[in-house]
Amino acid sequence: MNTLVAGDKAPQFTLKDQHNQDVSLAECLQHGPVVVYFYPKALTPGCTVQACGLRDNKVELDALNVTVLGISPDPVSKLAKFTNKHTLNFPLLSDEDHAVADGLGVWGEKKFMGKIYDGIHRISFLIGQDGVVQHVFDKFKTKDHHEVVLNYLKS
């Protein structure tokens, strides 16, 4: 796993969101910086806590002119259920073939309860309008992810 670091150019991508609409990084960057956060699986406890933290702080993120994009390997239909169940107010993108996760270096070997498997690592990126990674968020708990992001953006 070769995770991008600050200063790296982020690969451009277009993925389907929870409404089956195309969302491109390039288009989002026209409006300001973008936080791209990767999460393993919709509708699970940790991913729900993380998404709801961002949902509840969207007004503050909007005031900072920051777009949030959540990415997981879930199909569009599951993202729609996740959005509806928790009234999420930002795009969730489907990366079923994990091509975008590979491109940003967040797809790799994981261990859980003695099992080794490939999956998404919970990492977030702040991408500037120039398409360059400004910061990598990789040390946080799901319940304080939004605070870590907001504290960085305000500093």
Side-chain angles (χ1 to χ4, degrees), residues 1 3-6 8 10 13-21 23-25 27-96 98 100-108 110-113 117 119-129 131-155:
M1 200 171 81
T3 305
L4 294 185
V5 297
D8 287 347
F13 61 81
T14 300
L15 294 171
K16 295 284 186 192
D17 71 3
Q18 68 267 42
H19 309 293
N20 206 32
Q21 301 295 312
V23 174
S24 74
L25 178 61
E27 188 176 305
C28 292
L29 288 172
Q30 291 175 10
H31 308 288
V34 175
V35 170
V36 177
Y37 86 96
F38 287 88
Y39 63 98
K41 193 171 182 180
L43 298 166
T44 58
C47 295
T48 298
V49 166
Q50 185 176 15
C52 289
L54 291 164
R55 174 201 67 198
D56 295 346
N57 289 276
K58 187 169 185 306
V59 170
E60 210 169 340
L61 290 159
D62 288 347
L64 295 166
N65 206 33
V66 173
T67 300
V68 172
L69 300 175
I71 300 179
S72 76
D74 296 307
V76 168
S77 60
K78 190 167 186 183
L79 300 179
K81 287 178 190 168
F82 192 29
T83 298
N84 292 336
K85 183 172 183 175
H86 298 288
T87 321
L88 300 179
N89 52 8
F90 54 88
L92 297 178
L93 307 180
S94 175
D95 186 24
E96 286 189 86
H98 57 82
V100 174
D102 279 332
L104 279 99
V106 300
W107 184 266
K110 296 178 77 172
K111 294 178 186 175
F112 182 69
M113 295 179 66
Y117 63 98
I120 287 209
H121 289 254
R122 198 181 296 276
I123 297 173
S124 301
F125 300 90
L126 175 62
I127 301 172
Q129 283 191 271
V132 173
V133 175
Q134 293 179 343
H135 190 75
V136 178
F137 303 96
D138 57 358
K139 291 177 179 36
F140 57 85
K141 291 182 171 46
T142 55
K143 67 180 181 185
D144 67 6
H145 175 249
H146 63 280
E147 292 171 3
V148 170
V149 170
L150 283 168
N151 289 341
Y152 180 82
L153 291 169
K154 291 175 182 177
S155 67

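Heads up: numbering here begins at 1 and tracks the sequence.
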Run the side chain to side chain contact (heavy atoms under 4.5 Å, CB included) test against His98 and tell me which residues pass, sequence neighbours left out.
Asp95, Ala101, Asp102, Trp107
Output all residues satisfying side chain to side chain contact (heavy atoms under 4.5 Å, CB included) with Glu96, sequence neighbours left out; order by chain, then residue number.
Pro75, Ser94
Restricting to side chain to side chain contact (heavy atoms under 4.5 Å, CB included), what partner residues turn up for Tyr117, sequence neighbours left out?
Lys110, Phe112
From Lys85 atom NZ to Leu43 atom CG, the distance as rounded to the nearest 0.5 Å
6.0 Å
Shortest non-hydrogen pair, Gln18 vs Ala80, comes out as O-CB, 3.5 Å
Check whether any side-chain heavy atom of Val76 lies under 4.5 Å from a side-chain heavy atom of Asp17, and answer yes or no.
no
Salt bridge (charged side-chain N to carboxylate O under 4.0 Å, His left out) pairs, two or more places apart, involving residues 55-69
Lys58-Asp62, Glu60-Lys154
Distance col, row Leu92:CG vs Leu15:CG, nearest 0.5 angstrom, shows 11.5 Å
Using side chain to side chain donor-acceptor pair (under 3.5 Å) as the criterion, list what pairs up with Lys16, not counting sequence neighbours.
Asp22
Heavy atoms of Ala42 and Phe82 approach each other most closely as CB-CD2, 3.5 Å
Between Leu93 and Leu79 the two heavy atoms that sit nearest each other are C-CD1, 3.4 Å
Show every donor-acceptor pair shorter than 3.5 Å between a side-chain atom in residues 28-40 and any protein atom, with sequence neighbours excluded, or say none if there are none.
unit_1 : atom_1 : unit_2 : atom_2 : d
Tyr39  : OH     : Ser72  : OG     : 3.4

Report yes or no: does Asp8 contribute a side-chain atom to a donor-acceptor pair with the main-chain N or O of Val5 at less than 3.5 Å?
yes
Please table the atom pairs, donor to acceptor, closer than 3.5 Å between any side-chain atom in residues 133-145 and protein atoms at least two apart or in another chain.
unit_1 : atom_1 : unit_2 : atom_2 : d
Asp144 : OD1    : Lys141 : N      : 2.8
His145 : ND1    : Gln50  : NE2    : 3.3
His145 : NE2    : Ser124 : OG     : 2.7

Just so I know, are the side chains of Val132 and Ile127 near enough to count as touching, which here means a heavy-atom distance under 4.5 Å?
no
For the atom pair CG (Leu54) and CG (Leu61), what is the distance rounded to the nearest 0.5 Å?
6.5 Å
Checking side chain to side chain contact (heavy atoms under 4.5 Å, CB included) for the pair Val100/Ile71: CA distance, chi angles, key distance, verdict?
CA-CA 9 Å; Val100 174; Ile71 300 179; 4.1 Å; yes
Could you grab the distance from atom CG of Asn57 to atom SG of Cys52, nearest 0.5 Å is fine?
11.0 Å
Sequence neighbours excluded, the answer for side chain to side chain donor-acceptor pair (under 3.5 Å) partners of Thr67 is none
Indicate yes or no: at least one non-hydrogen side-chain atom of Phe125 is less than 4.5 angstrom from one of Val106.
yes
